[in-house]
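The chains referred to below are lettered A, B, ... by the order of the sequence lines, with proteins before strands, and numbering in each begins at 1. Computed from heavy atoms alone, side chains included, the values below leave out hydrogens, waters and symmetry copies.
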Amino acid sequence: MEKLLSTKPARTRFAPSPTGRMHIGNARSALYPFLLARRLGGQFILRIEDTDQKRYEPGAEQELINGLRWLGLQYDEGPDIGGPHSPYRQSERRAIYHEHAWKLVEMEKAFACFCTPDRLDKVRQEQMKNKQNPRYDGTCRALDSAEARRRVDAGEKYVIRFKMPKEGSITTADLLRGSITTENSALDDSVLLKSDGLPTYHLAAMVDDHLMEITHVIRGSEWLPSMPLHIHIIRAFGWDEPVFAHLSVFLKPSGKGKMSKRDRAEAMKDGYSIFLGDMQELGYTPEGVLNWIALMGWGVPEDDVMTLDRMIERFSIDSLTPSPAAINFQKLDHFNATHIRLMRTDDLAARLKPYFTREGLNFRDDVLLKMIPLLRERLVTLDDCISFGAFFFKDEVTPNPEDLIAKGLDAKQSAEIARRAYQILGAQPDISHERSEPPMRAYVEESGFSANQVFGILRVAVTGQKVSPPLFESMEIIGRDVCLKRIQNAIDVLEKITS
RNA sequence: GCCCCCAUCGUCUAGUGGACUAGGACGCGGCCCUUUCAAGGCCACGACCGGGGUUCGAAUCCCCGUGGGGGCACCA
């Protein structure tokens, strides 16, 4: 226990396989080890587990790196930046695994196996038919070691399998769940080194974690069932065991079943995604995403909205939760909106720019800075700045004619209101909101129309939309001349309806 | 089929035998504020999966059930 709750510097790692896009599950698998390393003052390492050439996807590693960078999870050692245990890409470490696999063979903890995949398949099929557990039948385990060596040297294809003890049991410890005892008889002679010379996860991860001096292995709970094998491997080498913590999986929003890449389509319909790349485009911030995933599987008393720095202060590995968590996009929205409200004005402005650019709008920096205070508390995602604020940068707006007719009034009355507004505002030398609002309010008073009706018409005329940031402040930013032009246009539209 | 894990409001969680009338957050409902939409403030609704134990006392410990999840590859 002393070891488990150590406060000594920790070396942790994020070890994804480059087989697809980076999703929130990956992100959380990177976050917790990052937090631990920063909390305890150790190192956080990125290691690419690309030992499966069949599933390898060329762009995946870069996407992983981009994702980590976007989130601000900076690693201290990794394939692109090097480090004392280079290389950090497993495909470049073949010799290391080869050597370790054979070391186990020499120690008689593993054996070379020449069985063909075809035969193994048949055996498995047969076992399942007989309701037996599918497992290696031991054919090559019985081979004489000198004979095996001879066949290997002769160039015969082989794999190396772990020689699982037939008797006994093994007790392993998961930090979040306590100790788990497994009968060795339930375990298999798993392949450690494949016939293509590359290792399986079981060998590669254990060897690298040891060589890279990893102190805490934080990984998905899908590894829980193979932890006994992993501990066997570690002990066969006589190495120290790192602390293991298995994260629970993310469930679909419905809570039924594990969230998978295939759920993307469903989420996208509602403007959500589980892929980091998508989320960025959808206007989510790293702060929001981080806060969201952090709290799924980690209970932090008295803390809710947190920055990365705050998470580091508060993190403790034993406060992680072992139970599965259903993802909840509404909560993501909440965290995203909250962090947007917390941002400095210039920071928010800089982050909004790409979204205006994407819309082909020519934003002006000074205008952008001025509109931020009006926009900020209305944004759930960054790209909401388009629906709320595009009119600031458009040459002209084209209101829906029927929106120009106020509720309870007809086109004629609405046109009258627009004309009066034009007069009142046109009489002002400028339309700072201090100058424009009082006379307009006075007009509301004397006219008998409601503020809702008068300001509503003005809003649609000036912004082109029924929902907008506060009217008078918006008009001030747009400027007198443009406002008057837009109001005149509204008058024309309304008069066309009446005539 | 076999093995393993998990179980508190709809969701994420706090809770580590008495401080629990079970706390917070999101969402939902209502009210206030208000030129729209938000934001903000206030209030309400809402949970210990079931059954047995252990104990003076159990959300908390043990067992069984149920439900959910994961795993059983020359994938990770």
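Comparing atom distances between the K331(A) side chain and each of U36(B), U35(B), A25(B) picks out A25(B) as nearest. When each of G10(B), A39(B), C6(B) is scored by its nearest atom to the side-chain atoms of S323(A), the top-ranked nucleotide is C6(B). Checking U11(B), U35(B), A14(B) against every side-chain atom of L471(A), the shortest atom distance belongs to U35(B).
Pairing partner, A19(B): none, since no Watson-Crick or wobble contact has both distances short of 3.5 Å. Shown here, A44(B) forms no base pair; nothing in the strands shown gives a Watson-Crick or G-U wobble contact with both key distances under 3.5 Å. Checking G10(B) for Watson-Crick or G-U wobble geometry (two distances, each under 3.5 Å) identifies C26(B) as its partner. Figure legend. C49(B) is base-paired to G65(B); pairs are counted as Watson-Crick or G-U wobble with both atom distances under 3.5 Å. Across every strand in view, C2(B) sits in a pair with G71(B) that passes the Watson-Crick or G-U test at under 3.5 angstrom.
Contact check on E61(A) versus R89(A) returns a salt bridge, with a Lys/Arg side-chain nitrogen under 4.0 Å from an Asp/Glu carboxylate oxygen.
Counting any heavy atom pair closer than 4.0 Å across all strands shown, P470(A) reaches a base atom. Residue I180(A) is classed as a sugar-phosphate contact, given heavy-atom separations below 4.0 Å to backbone atoms only. The residue A186(A) sits apart from the nucleic acid: no heavy atom pair falls under 4.0 Å. Across all strands shown, L295(A) has heavy atoms under 4.0 Å from sugar-phosphate atoms exclusively, and none from any base. Using a 4.0 Å heavy-atom criterion, one finds that G220(A) contacts no nucleic acid atom at all. Residue G299(A) is classed as a sugar-phosphate contact, given heavy-atom separations below 4.0 Å to backbone atoms only.
Shown here is E446(A), whose CD atom has more than 12 heavy atoms of other residues, nucleotides or ligands within 6.0 Å.
In terms of heavy-atom proximity, P79(A) sits nearest to I48(A) at CG-CG1, 3.7 Å.
Using cut-offs of 30° and 60° for the angle between ring planes, the F472(A) and F455(A) rings count as perpendicular. Between F335(A) and H339(A), the two ring planes are tilted [angle within 30° to 60°].
Between the side chain of R378(A) and the base of C37(B), at least one donor-acceptor pair of N or O atoms lies under 3.5 Å.
The same atom, P, is picked in A19(B) and in G23(B); the two are 12 Å apart, to the nearest Å. Remark: the separation of the P atoms in A22(B) and A59(B) is 10 Å, to the nearest Å. G41(B) and C33(B) are spaced 8 Å apart, taking the C1' atom of each and rounding to whole Å. For A73(B) and U55(B), the C1' atoms lie 49 Å apart once the distance is rounded to whole Å. The same atom, P, is picked in C32(B) and in U13(B); the two are 36 Å apart, to the nearest Å. Taking atom P on both nucleotides, A44(B) is separated from A38(B) by 24 Å, rounded to a whole Å. The same atom, C1', is picked in G67(B) and in U21(B); the two are 30 Å apart, to the nearest Å. Separating the P atom of A47(B) from that of U8(B) is a span of 14 Å, rounded to the nearest Å.
We find that CD1 of I327(A) is positioned 11 Å from C1' of U11(B), with the value rounded to whole Å. Per the geometry, CG belonging to N130(A) stands 15 Å off P belonging to C2(B), to the nearest Å. Regarding Q127(A), its CD atom lies at a distance of 16 Å from the P atom of C2(B), rounded to whole Å. In this structure, the CG atom of D318(A) is 14 Å from the P atom of U16(B), given to the nearest Å. We find that CD of E473(A) is positioned 13 Å from C1' of U34(B), with the value rounded to whole Å. A straight line from CH2 of W292(A) to P of U13(B) spans 12 Å, rounded to a whole angstrom. Look at CZ on F335(A): it is 17 Å from P on U11(B), rounded to the nearest Å. We find that CG of L176(A) is positioned 18 Å from P of U16(B), with the value rounded to whole Å.
For Y158(A) and W102(A), the ring centers are positioned less than 6.0 Å apart. The distance between the ring centers of W223(A) and Y201(A) falls below 6.0 angstrom.
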**Complete:** Per-nucleotide protein contact along nucleotides 63-76 of chain B, 5' to 3', at a 4.0 Å heavy-atom cut-off (B base, S sugar-phosphate only, - neither), is ------SBSSSBBB
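Under 4.0 angstrom from either OP1 or OP2 of G40(B) there lies at least one side-chain N or O belonging to R341(A).
Under a cutoff of 6.0 Å and an axis angle of 45°, R151(A) and F114(A) form a cation-pi pair.
If you check the side chains of S316(A) and D318(A), you find a donor sitting under 3.5 Å from an acceptor.
Mapping F472(A) and V300(A) onto RNA chain B via the closest heavy atom, the residue that lands nearer the 5' end is V300(A).
Note that the SG atom of C115(A) and the NZ atom of K157(A) stand 14.5 Å from one another [nearest 0.5 Å].
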